[in-house]
Each structure stands twice: as C-alpha cells, then as structure tokens.
Amino acid sequence: MMSDSVRNSTYSPEKFEKKLYQYWLKGDWFCADETDTSKPNYTILIPPPNVTNRLHMGHGLNMTIQDILVRWKRMQGFNACWLPGLDHAGIATQMMVEKDLNATGVTRQELGREAFFARCVEWKEQYGNIILDQLKQLGTSFDWKRETYTMNEQLSKAVRKIFVDLYRDGLIYRGERLVNWDPVLKTAISDDEVENKEQNGKLWYYKFPVVGSMTDEHLVVATTRPETSFGDVCVAVHPEDTRYQHLIGKDLYHPLAEREIPVIADTYVKQEFGTGCVKITPAHDFNDFEVGKRHNFKMINIFNEDASLNELCPTQYQGMSRLEARKAVIKFLREHNYLVKEENHKNTLPISERSKEVVEPRLSYQWFLKMSEIVEPAIEAAKTDELKFYPQTWKKTYLHWLENIQDWCISRQLWWGHRIPMWECQDCQTYSTGEQDPSTCENCGSTDLVQDSDVLDTWFSSWLWPFSPFGWPEQTQALQAFFPSNVIVTGAEIIYLWVARMIIASYYTMGKLAFKDVYMNAIVCDKQGRKFSKTLGNGIDPIEMIDKYGADAVRFTCVSLAPLGGRVRMNKDDFEVGHRFINKIWNAAKYLLHYLDEQEPLEKLDHARLDPASKWLLNSYVNTCTAVNNHLEKYQINEAVDTLYHFVWGAFCDWGLESAKIVLTETSHPDRAQVKSTLLYVFEGILRLFSPVIPFVTEELWHTIPRHPDWSFGTEQTLMVMDYPTYNPQWVFTQDAQEWSQIQSLISGIRSVRTQANVPPKEKLCAIVALEDTGLTAVLQKGEAWIRSLAGINDLKYQPGLSRPAQSLLTTGKGWTVYVPVGDYLDVESECKRLQGEKKRIAGIVMGLQKKLQNKQFMERAPEQVITTTQAQYDNMSGQLKTVEQNLAALSEK
RNA sequence: GGGCGCAUAGCUCAGUUGGUUAGAGCGCUGGUCUUACAAACCAGAGGUCCUUGGUUCGACUCCAAGUGCGCCCACCA
C-alpha cells in the first residue's frame, strides 16, 4: 500500500479505487465458504440484472444498499455470501438481437431459429458482462466465484426440473388466451412492444332487433370496432340496469352475422357509457374475453393471420382487411337502417412498436400454472410476519395480489429462453414431458413427437433464484449453507413478478420461506420527480459520476439521499456533497498523520489521564456506534450514514481535532500522548464504522495510519474483515461529556457575541463568567484553555453575581452568564433591537410553559416526568428572561 | 375506475412509540486564506409543519373530510 498517497496529496479516488478492488479480489475476502461452520451464514441474492442492462442510478442505489449490509455483516463475523448473476431477459434480449440483425437486412425468420438462438448466446457473451464490470467499479463485494446466469446449464436444469414436477403435480395446463398479435410480422408480441396511442376515433350506434317482438323493439349497441361484429356472441347489460331488465335472457337478431345472440347480465358493463349495452366479442377484445369465459361462450375468431376476415364471416366480407371491412359494415348498416348515429370518440389504439401496425388481440393456446394451489404458505408467511417488509406498507400490496392470484401464463412466443419441455404427439395429440427429452409418447407410445415451439417466461427461471444458483435440485453443501437467504433488496415494482414468486417457488421446492426480510429501495427520480428512464433521457450515469467523484462519493450520496422506500430525487450536483465529505475525512487523516508520524510509541488509553475533550469525544463515539448499529439493524441506512456523517464532521473534525490542536501543537504538553491516542482510536473506529459505506477511502486510509494498542487486529491485511465497532461501556463518560458540552456552548456563545459586535477574529477579548451555581467553577476552569483558544479570549475572570459591565455583550447557558466587554465595538441600537427580539421570543415560551403548569388537567394527567421537565424548562427560561430584561434595562440607561 | 402512498425552510428531505424552543444538506447573508481541508472555518437569516374539523392535559405526530401530487393495477365497448 502506498501510504504516502495520503500524506502528500489531495483526495483523488482514481489513484487507489481500482488498485484496492484488485487487492480485495486477490485476498479472496469476498468469498464465502460453505464448509465453514464456525460462523453464522448471511446471504443476499442480487436481483439479477438483465444481460441487456447498463448500470443506472437505480442499480447504483440498490447495489450499494446490499453491499453495505453484506460488508457490515462480514465485519460482524458472518460468513457472508452475496451472490452475483445475470438474467437472460427473454424479450429485451431478443428485441436487441433482432434489431441488430434487421440492420443487416435479415429477418429472424430468414435466419432460422437455431441460428438466431446462437446469435443471442453470442450477443450475451459479448455484452452480458458489461453491467457486472460496472458493478465492480462501484466496489461491490460479490462472491464472484459463484457468478451465475439464468440460462447456464445448472439453472436450466433447475427450470426443467421444477416444470416437470409442477406438471406431474397437475399444476401446469394448456389453455386459451388472447395475445397481442402483430398482423404484419404475423407473430405475438409482448406488452412491452405495444405503444398505446390516443387518437380521434368514432363510436357507432346500431340496432339489434329483439327476436319475436311484435313492436319492433330493439337494443342499440355502441362500438368502436364494428368490423369485429361477426365474432359477437351476445349483448351484455348491467344486471341492475332498470331499462333492460325485461330483455335479459331474450334473443336478439344480429343483422351482420345473420344469426341470433342472447342478452346477458354482467357487472362489467358501465350503465352510463354509450347506451349501457355492450356487444361481446370474446376472441377480439381483452375484456370481452373475460366476460365470454365467465358465461361459457364459444370464442369466434373471425380473422386470418394477417387480420383479414376469414371464412366464419359472410362471403362478401371474406378476405377484406379490418379497415375495408369496417367501411363495408357501416355502409350496410346505414343502407338497411340499422345505424342509429355515429359520434366522435377519443380512444387509444395499441400500435406495434416494430411494424407500426394496429395490434390485434388474437386467441392462442398458452401454458398456465395454477397458482392458487401453491400460494397458501406465501400468504401465511406474511400474515404471521415471518416474512417482513421494509417499509411494512408493502405487505398489503403483497397480500392483495396473492389473495386474488390469477393463473400464471408461463409461455412466451419467443425464441430466446428456456424452450418449453413439452412434446406433442402427432398421433394422439397428447403432451409428454420429462427431465430428459422423451422419445416416445407417454399416452400411445408413438415416436412422432414435436416439441412445443414456445419458450418459458423469463420469470420462470428467476423465481428459482433463492436456491437454483446453489445447485438445486442437488442437495449441495452450498444450498444447505446459503438457503434461505436473509434479505432481498429490490424495487417495489417487481413485488409480484419476482418477490412473491420466489417465495412461492421456495415453499414448493424447499418447503421453507426464501428470505425473512424484503427491503424495498427508493425509486430514483430526477429533480422534477420523474422516474429515470431511457426514453426521457433524464438519467444520471453512475459510471460518469464515479469517474468524476469516485465510487465512494457515489455510494455515499445514493444512500444518504434515499430513505427506506419512497423515492429519491437526484441531481448531478448532489454527488459533489459526497465527494466533499470524503475529502474532509481525507484531510482529517492527513492532519492526524502529521502527529502520528512522530517517533514516540502510541500509548494505550488511560482513564486517569484523559482530558475533558477526549472523554467527550470517546463518549460521543460510543453513542455513535450504538446508533449506527441500531439503524442498520432496522435497515435505516440513510439514518446510519447521516449519524456517521455528523459524528465525523461535527464532532470529530469541528470539535475533536480543533480542541486537540492546543495540546498537539505544544510538544511538551502532558496530555499530548493521550490526546493523540484518543484521536487515533476514534479515527480507527470511524474507518471501521464507515467501511461498509465507503470501502475504498477507508481501506486506503487504514493502511496508512498506525495500529492502535486498544484495537484488536486479526491476521488479515484488510479493513473489510476487521471487527465492526459496537457499544463499548469502557469509553462511556456521561458526566464528563455533559460538562464538556457546557464548555462547548460557552465557546459558541462567545463566538456569537464576537460576530454580533463585528469584532475581528484575531482580536483577543476579555470574558467574565458569572455563575449562578458555583459548582460549575471547577468545570469551567477545566475548560479554560479551550475557551481561550477557541473563542479568542485572553483574559477570563470569574465574578459570581456580577451585573452587566458597561459596553459588554452577554451569552447565557445552563447556570451561567458570560459577559464580554467589547468596548467601542458595541452598537447599542442593534444590541437593543436584538435583545428586544430575544425578550419577545423567550417571553412567549415562558408564557406557554406557565399556562401549561397552571393547567389543572395537565398537572393531574400528564406523566410526572413530563411535569418535572416542564417545570425545569420554566425555571430555566424565566431565568433567561430575567437576564435579558435586566440587560435591556442597563443598556437603555446609557 | 380500483389499490397504495405523499404534503415540514427558497430546493431536496429527516423528524423512531403523541411530551423541551421542529432539524440537516444545498442555496442565501455577513465575516475569515486561523500552519488538515476556501472542496474549508465561524456566525446568521429563513417555517401559520397543505386546509378544516375531531380525539387528548398536550398533535408536525393519531382519526375523519377536503385540496394538491405521485406510484401500481385496470384502462374501457
């Protein structure tokens, strides 16, 4: 390690971050050992990034949180395993590879399935690791030896195994469902590939005569898509709609399809929209599909693959396109007096991203998983709080979804992914499956088998993530050690898609809860509160920020801005804050080293010889240790970081180092050795406490500073596995700390007085302390050297009961008043104004407190402790009020 | 439309189970190059805690309604 990097230079993270990461890798400190049973295990699974991903700020935050938890637990002595890996991302990858391919003038279909698949594999090899490399720049302590991937051999085996198990348990079935069909590309496309465009359309109203009516009775139905009418199976009205009660169950004549259809009742219908009557076309509309299924109607598909009308329509319409058919249908309705009216209507059209053609919902066969039969333990776990959400509010969302769970459509019409392990027998049309490819039909023994052409939904591999990477279905040692994991850290948007399903899968295969804690990280937004997105281009590139400010600054900024859950608004400038703070730590180290480099050996800390400033610092340090650990236990990472930030800057630097200066600069000072020892002891503690958050700079500094006799160091040469600091009663000095804070407020008070009077900083002043409680004399005398140095005082006197000397300003604290004669610097007018303001403010508080104390009900019902503190406040504030009044009077006399 | 959440300083946000004079960072004002750091130090200004009502001795905190905003789901014949 190059310790001179600290002594002689400014903070430049680029000089050591890469070097240190290599050092950690070489030392194998990120690796967890499943055979080591001497330590408790701690496991976190990465939410596997898509192979198509580049690192964005959402990852930055998400990964930093996980890394902090893992590094913290590792320092606490856990066998910590953070599992890295990638998701093959079926749709996203296929889209990118296809786009690439199309640019060369070749379609996926022309290339053929096998060659296209090979191209995807190649693409993954080439680009898939970019995000993992970027994660290394962020300093993530993944156990890289376990790096995995949802399409590798081992995980594919796991996918195959669970599919077969589920099928054998009767939980996987084939059923009909509507998909988004692109009539130009003649393929199903995913929701991601559909853009909804609002446009001005029309709403056509036309008549359906009631069959057998003597009075020409009819219903009027409104539709935006009259051309689909040939597929109508019924007309629906709301069951409570008084207008149509008598018609429910009657038949209507369909003037276009030239057949009769019934009137049914369904709550799906909105009475106030249109006429309150809806024609139901289950094969061509997502909502109608649900209604049709509920009422057991036949689905009539009236389109060919290219969305032209097929043989189920009357001959004159067959072969027409959707638009041609629409014109022809309207012409017919108008000519035969069925059309009642047409009106303008705004609606949204689903457009295929790639062909720009209007998407047509199309009936197709899909594979489904019966979720209701395997979901129960996942519901129980949340209800009993065995599974906990951070923040808790997500429990409701989770339960709401699980309690209304739908069957999961697990097939996708893609080429990139795990091929569905189902073979259709060409002789008897039944399906066969197996962990090995079947050679004969399970039903009739035929060898004429054809594998299903679809692949599995990408989530069908990622739901196995808690156990598949550790070797499942083999009962490996790693699986024993690292399943279940401890916490999952992810975005709330995939609570259904991923989190809930992992829990379901783990109960199904392992019979156990996959993880006890679910941490929902904040959503990263821009300054206007918009989610970072590619299309908006409002994202902040973490790598750009790392290059500019260093990984530690990026990590620090991300987590300190992000509360548990919620969302965080980010700005490029925010990273400057992190960088400045780390620079502050760097400079503090530089200053310390200046004195630590001296030859004399470091002393152990000695209670009897610690000065008041050191006792205060140690006491604050111990409190900080407790607070940080408590916050981390509760996943309040921003709170932990905030606590540390203020301890380092406000306590250690502004008071600790500043107070130490008067001792350190005097080479023969008797307290010097203990002060140096205290500073180093606390600084080592800071480095340890902060190491999980900002691992690089803490490690770099740790290698530079000397080892302290009061800290224990293992044999490992890295900060990242040193013991994490905890509450240490040895360094608790409650009384001394309280006394020292009196000195601090006295110093601050005098500084404030100096500013009020515009006294130049270098000018020394006299200060006269008037004590109400003479017991404080000893306390203040102990702090005299610091009062002189830090407040710019050259003459400090004690005069109990003194009233205000001429031309002086004052500052008050608990039991004391300090008068500072400022001579001609005193501006009587502005001082009077200030005192009057003070008087008003304090009088208000005093009055409030008095009212409270006179309130009978308050005295009767409030807890005794509250009454005591209120009384004490009252005494204190009225004392202050008296002082202010006296001084105001004294000032006015002149 | 269904579900969930948010509203505190100019900006971004803390504020743990109701109980001192509501905090921080950035920005702003004034002063300082004080031998770690001007990427800093010292001091300061700035808030009817969205509105109204309720519970309570006591509400930024709990409850209800209203207003404004965000997210997820369904998006409409």
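First the proteins, then the strands, lettered A, B, ... as listed; each starts at 1.
The partner of A7(B), taking Watson-Crick or G-U wobble pairs whose two distances both stay under 3.5 Å, is U67(B). Nucleotide A43(B) forms a pair with U29(B), judged by Watson-Crick or G-U wobble geometry with both contacts under 3.5 Å. Searching all strands for a Watson-Crick or G-U wobble partner of C62(B) with both distances below 3.5 Å returns G54(B). In a base pair of the Watson-Crick type (N1 to N3 plus N6-O4 or O6-N4) or a G-U wobble (N1-O2 and O6-N3), with each distance short of 3.5 Å, U20(B) is matched with no nucleotide.
Counting heavy atoms from C-beta outward, Lys584(A) and Tyr645(A) have side chains that stay 4.5 Å or more apart.
Here the nucleotide nearest the side chain of Ser748(A), chosen from A24(B), A77(B), A43(B), is A43(B). With C41(B), U21(B), C33(B) as the candidates, the nucleotide lying closest to the side chain of Lys762(A) is C33(B). Distance from the side chain of Glu639(A) is smallest for G15(B) among the nucleotides A36(B), G15(B), U21(B). When distances run from any side-chain atom of Lys852(A) to the nucleotides A36(B), G19(B), G31(B), the shortest one goes to G19(B). Side-chain proximity of Asn287(A) to the nucleotides A36(B), C75(B), A77(B) is greatest for C75(B). The side chain of Cys653(A) sits closest to A36(B) out of G19(B), A36(B), C41(B). The side chain of Gln873(A) sits closest to U21(B) out of A43(B), A24(B), U21(B). Of the candidates G25(B), G19(B), C42(B), G25(B) carries the atom nearest the Tyr645(A) side chain, counting heavy atoms from C-beta on. Comparing G25(B), C37(B), A40(B) against the side chain of Asn583(A) picks out C37(B) as the nearest.
Lys395(A) comes within contact range of no nucleotide atom at all, as no heavy-atom separation falls under 4.0 Å. Across all strands, Leu657(A) comes closer than 4.0 Å to base atoms (heavy-atom distances). Residue-level contact check: Pro760(A) touches neither bases nor backbone, having no heavy atom under 4.0 Å from any strand. Among the heavy atoms of the strands lying under 4.0 Å from Val866(A) is at least one base atom, whether or not backbone atoms are also near. Residue Thr224(A) is classed as a sugar-phosphate contact, given heavy-atom separations below 4.0 Å to backbone atoms only. Residue Asp654(A) is classed as a sugar-phosphate contact, given heavy-atom separations below 4.0 Å to backbone atoms only. At the heavy-atom level, Met877(A) lies under 4.0 Å from base atoms of the strands shown.
Distance CG/Asp232(A) to CD1/Ile300(A): 8.0 Å, rounded to 0.5 Å. Atoms NZ and OG, from Lys882(A) and Ser878(A) in turn, are 9.0 Å apart once rounded to the nearest 0.5 Å.
Taking 4.0 angstrom as the limit, Asn855(A) places none of its side-chain polar atoms (N or O) nearer than this to OP1 or OP2 of G58(B). The side chain of Gln636(A) places no N or O atom within less than 4.0 Å of a non-bridging phosphate oxygen (OP1 or OP2) of U16(B). OP1 and OP2 of A77(B) both lie 4.0 Å or more from every side-chain N or O belonging to Trp204(A). The phosphate of G44(B) has OP1 or OP2 within less than 4.0 Å of a side-chain N or O from Ser752(A).
For the P atoms, the distance from G25(B) to C63(B) is 31 Å, rounded to whole Å. Taking the P atoms as reference points, A38(B) lies 11 Å from U34(B), given to the whole Å. With both ends at atom P, the span from U32(B) to C13(B) equals 36 Å, rounded to whole Å. Of the P atoms belonging to A45(B) and G23(B), the separation is 13 Å, rounded to the nearest Å. Nucleotides C4(B) and G44(B), compared at atom P, are 47 Å apart to the nearest Å. Nucleotides G5(B) and A77(B) have their P atoms positioned 31 Å apart, rounded to a whole Å. Atom C1' of U55(B) sits at a distance of 12 Å from the matching atom of G18(B), rounded to the whole Å. Nucleotides C26(B) and A40(B) have their P atoms positioned 8 Å apart, rounded to a whole Å.
Rounded to a whole Å, the CD atom of Glu576(A) is 14 Å from the P atom of A38(B). At whole-Å resolution of the value, OH in Tyr11(A) and P in A38(B) are 16 Å apart. For the pair Arg841(A) CZ and G47(B) P, the computed distance is 14 Å after rounding to whole Å. Atom CG of Leu790(A) is separated from atom P of U34(B) by 16 Å (rounded to the nearest Å). As rounded to whole Å, 6 Å separates atom C1' of A39(B) from atom CZ of Arg580(A). Here C76(B) presents its C1' atom at 14 Å from NE2 of His238(A), a figure rounded to the nearest Å. Separating the CG atom of Leu402(A) from the P atom of G3(B) is a distance of 18 Å, rounded to the nearest angstrom. C41(B) atom C1' lies 14 Å from atom CZ of Arg754(A), rounded to whole Å.
Ring centroids of Tyr11(A) and Trp586(A) are separated by less than 6.0 Å, placing the two rings close together.
For Lys395(A), the NZ atom is densely surrounded, since the number of other residues' heavy atoms within 6.0 Å is greater than 12. Surrounding CZ of Arg751(A) are more than 12 heavy atoms belonging to other residues, nucleotides or ligands, all under 6.0 Å away. Glu860(A) CD: more than 12 foreign heavy atoms inside a 6.0 Å radius. Shown here is Glu633(A), whose CD atom has more than 12 heavy atoms of other residues, nucleotides or ligands within 6.0 Å.
At a cut-off of 3.5 angstrom, the base of A36(B) holds at least one donor-acceptor pair with the side chain of Glu658(A). Between the base of A36(B) and the side chain of Asn587(A) there is no donor-acceptor pair shorter than 3.5 Å.
Projected onto RNA chain B by closest heavy-atom contact, Phe581(A) and Asp288(A) fall at different nucleotides, the more 5' of which corresponds to Phe581(A). Both Leu561(A) and Asp642(A) lie close to RNA chain B; mapped to their nearest nucleotides by heavy-atom distance, the more 5′-ward contact belongs to Leu561(A).
Of the residues Val559(A), Val628(A), Thr698(A), the one that meets the side chain to side chain contact (heavy atoms under 4.5 Å, CB included) test with Val693(A) is Val559(A).
The aromatic ring of His594(A) does not sit over the base of A36(B); the criterion of centres under 5.5 Å apart with planes under 30° is not met.
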